[in-house]
Each structure stands twice: as structure tokens, then as C-alpha cells.
Amino acid sequence: MYISTRDNFQAVTATEAIKLGMVPTGGLFVPQNMSTFAEEELKSLIGKTYQDVAAKVLAFYLDDYSAAEIVTCLKKAYQDNFTHQEIAPLYRLADSTYILELWHGPTAAFKDMALQLMPHLLSLALQKLEVREEMVILVATSGDTGKAALEGFKDVSGLKIVCFYPYQGVSAIQERQMITTEGENTYVVGVRGNFDDCQNTVKTLFGDQAFRSFLAEKGFVLSSANSINWGRLLPQIVYYVYAYLNLVHKGRIKYGEKINFVVPTGNFGNILAAWYAYRMGLPLHKLICASNENKVLTDFFRTGIYEKNRPFKQTNSPSMDILISSNLERFLYEMTGREGTAIATWMSELQEKGRFVVDKTVQKAMSEILWAGFATEKETLATIKETYLKSSYLLDTHTAVGMKVYQQYVVETGDKTVTVLDSTASPFKFVASVLQAFDGSDASIEGDEFALLQELSQKSGWSVHPTLQGLEKKPILHQRICAKERIRNELENILGLR
Ligand SMILES: *Cc1c(COP(=O)(O)O)cnc(C)c1O
């Protein structure tokens, strides 16, 4: 069963939690019972395929799905839509440093790992719960989630997907990927505002009972594909377990040896999935939380003060330009020993005053497993260049933030534990910035980001990610733009309610 982080809702089944997306009264669903791997259970997965490991991990959390149903969903999710047979392969960068490549899916970023699976889990949930309304998936995206969600949900019957992104706040390639999406049930809206504006409005709509009843009367029910949905988070636990087993299988570590993961972080979903893997018994030493200059999390983990009142900065790692990290709520719930009332208080303080403060006990609990740091835009570019010159390996800007923070971590702690860095996007997805790392000049100013793909390919000897080839020739199918105050109106237009 799944319970609310704010102790304000009854326990629900996995299907209901996935259908609802977030707790209707505010809060996020978390598993009530945290089971752990029996030792032989984890060991028995060494050498197994990604899909096999996934079946095992998912079974822990999806009581009301049968084993056969889970396998069916996995077969649809992870097949030749990924361009690497291992789905999430490891690259050995140095003796004790590995890169976990999470961008071999159909949109070239790690969000595919979850979003190729989640629609199938959701669609099954709707069948099981005999939902008659048409489901409307609302997505607020800082760039990558949007396309990944659109790809995952397009042409799935019984639902529409509506995706809001900050207009001119994402890369030209990200925007083109979204506005060329096919499918009868896909809608894309550019919002004049930043990601937090998009996400806050979407959250407010979810929390608005009157609006939800109005929609229900018209035959619609809302859900979310953001990482606040448990169905989004769950598939991400899998690659942490898989990466660990892969290292054991290849003889790089001994079974039981602890490793670190470095995670370029925005909404705190990806790193939280690593924590769940840890909680299930995966032998981990430290989770390294890497932020860009919107370093609200770094400051929080270092001081215990979450301070959202600060200038929002558009950086060269845009998918991490976030000042409200939604999934932190789940982590805090666990770190306080499940004090739902404390969480409710902090979250309303965050909503009203833009800040909250946790006590020393919570801070200490967090620092036992987590280390946090940030990298500037300049450091990010320097790290891309340095890594390429040294190892011929091309990092994207988000992954480079992770690399830089990992280097800081090693200097500060001297820790030599084997470490895996999550690579969250193909370098071609953020081509202008990656080229800037080599040339020094801002290539995006010159306009044609698509010509830059070839340029980067020639310079690096890497081939352009298959999904980005020929993108500029695809017809533009979505042209909606709205003011941030008019998101709700736009949604009503789309649903034919105005
Ligand atoms: C979404 C995203 C992130 C941040 O992940 P969170 O789960 O939001 O912390 C990092 N890098 C890339 C490329 C992303 O798309």
C-alpha cells in the first residue's frame, strides 16, 4: 500500500497511487512497507538482463500487478526502442570511475528509462480500476521530461497528454523534439515563464478540488507524468540495482562491496530512486547530489535551510534549473522517521514563505548517506573539455556538472570508493553548449543548432544520437504559446471546455 508524506490521506494500492499521480489533498505517495532484498535474492540477479532485474525490483512495489503483467509491460518498454542491448550500459572512464549511460532511449535523455514503462503501468491501472473517464496527463517540463512523456504516451488509448514547457527556456533541439511529436492525443504548450511557473500551476490544478470535480463532470480525470508520480520513480530504481550487479558481473567489484553514485540533480527524482535502492539493501557508500548554479539543494544539505527566495538562473544545464525540488519531500519524510505533520508544516512554509528549516537530527541523517555540491556554468564547460581531452569521452552539460562535483568530493574527502556517475543526456542533445566547451564561443548565437550536430560529430568522432538525426526536417505540429497566468485557460481550450 501507499501512504501520503503528509499523513493526510488513506493508504491506497499501487494502481491507485499510479492513477492519482499525487495525493489529492497534497503530499506524495510513498510505499508503506519498505522491504529489502534477501541476500541470495540480490546475488541471484548477477548476470541477468535489465528486464529480469526490473521484473524483480518492480515486484517489490506492485502488489496488485501479477508477475505476468509486469513482464508484459517490461517487454513493451525496453526493447529495440533503446539503441543499446544492455539498456543502461556502463562505460569505464578510469580505474574506479564509471559512467552509467541512461540516454540510449528514444529521446536521448534519461527520462526515457521511466517514461517508456510508466504509460504501460498506468494503462493497466486504469483497466484494473475500471476508470471510465478520459485521463488527461499534465506534464510540466524543463525540457527533457516533456518529449520523453510525449513519446511514452502518444497514441495510448483512453488518454490525452498535455505538456507545458518554459517558452525560450529550453534548447532549440528540445523544443523541436516536442513540437514535432506525432499522435492524435498529444498537446504541447510553450508558457511565457520559467519551469517553476509551469510546475507550480500544474500542482495547483491538481490540488484544486473544484476544478477536478468540474473536469470529472465533463468526463476527464487528471494525472501526472512528473517524477512526483510513483510510477515514474519506480522504474528508476532498477538501473541502480542493474549497474551494481553489472560491476560485480564484470569483476570490477566484489559482491557486497559498497559503491558511490553521483547524480546530476534537479527535481530530486533520480537521486531519490538511488536512495530507494539503498534502502532495499543495495551496498552503497555515498550518494553525491550535484547541482548547477541553482544550488538550492547544495545549500540545504549544508545548512539545513531550504531557501527558495533567490534569483532563478537559466544555465547551460537547463534540465536542472529548478528551485523547488518536489521529490525532496519523500526523502525528508524518511529522514524524519516518517513525521508527516513536520513535512506538511515545512511544505506549507515553502509554499507561503519560500523557505523552511530542518533540525540538526534530520541534517545528520541526511549527511550520513548524501554529499552535495554544485558546479558553475564555466566549470561545467571546462569539465567537458578536460574529460574529452583526457579520455575521448563526451559528456553532456548535466553529466559534466556531476563530474565536476564528483571531483570536488574526491578532493574534499579523499574517498577512493568505486563510483558510478549517472549520464543523464546524450551530449548531442545539448550540442551548442558542448561545442562551446571546445570553441569558447557560444555556438547557439549563430542560430542553426542542427548544423551543430554534424560539427560536434566531426570534431569528436562520435556519431549523432539516432533520434536527433533529421529532426530539423520533421514538420512542426504544435504551435500553442500562452502566458503563465493562462495555463488553466489553455488546458480548458484543449479539452474543448471553453
Ligand atoms: C531531468 C533531468 C535531470 C534532473 O533529474 P531529476 O530527477 O529531476 O533530479 C538531470 N539531467 C537531465 C538531462 C535531465 O533531463
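Counting convention: from 1, in listed order, for ligands and their atoms alike.
A donor and an acceptor atom, one from each side chain of Ser326 and Gln199, are located under 3.5 Å apart.
Counting only heavy atoms from C-beta outward, the side chains of Val189 and Ile487 never approach each other to under 4.5 Å.
Partners of Lys295 according to the salt bridge (Lys or Arg N to Asp or Glu O under 4.0 Å) rule, which considers only residues two or more places apart in sequence or in another chain, are Asp299.
A salt bridge does not link Arg330 with Glu334: none of the charged nitrogens is closer than 4.0 Å to a carboxylate oxygen.
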Could you give the N/O to N/O pairs under 3.5 Å linking ligand 1 and the protein, each with its distance?
unit_1: ligand 1; atom_1: 7 (O); unit_2: Gly269; atom_2: N; d: 3.3
unit_1: ligand 1; atom_1: 7 (O); unit_2: Asn270; atom_2: N; d: 2.9
unit_1: ligand 1; atom_1: 8 (O); unit_2: Asn267; atom_2: N; d: 2.7
unit_1: ligand 1; atom_1: 9 (O); unit_2: Gly266; atom_2: N; d: 2.8
unit_1: ligand 1; atom_1: 9 (O); unit_2: Asn267; atom_2: N; d: 3.2
unit_1: ligand 1; atom_1: 9 (O); unit_2: Phe268; atom_2: N; d: 3.1
unit_1: ligand 1; atom_1: 11 (N); unit_2: Thr424; atom_2: OG1; d: 2.9
unit_1: ligand 1; atom_1: 15 (O); unit_2: Lys111; atom_2: NZ; d: 2.6
unit_1: ligand 1; atom_1: 15 (O); unit_2: Asp144; atom_2: OD2; d: 2.5

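Ring centers of Phe356 and Phe300: under 6.0 Å apart, within the cut-off.
Cation-pi contact between Arg302 and Trp371: present, with separation from the ring centre below 6.0 Å and deviation from the ring axis of at most 45°.
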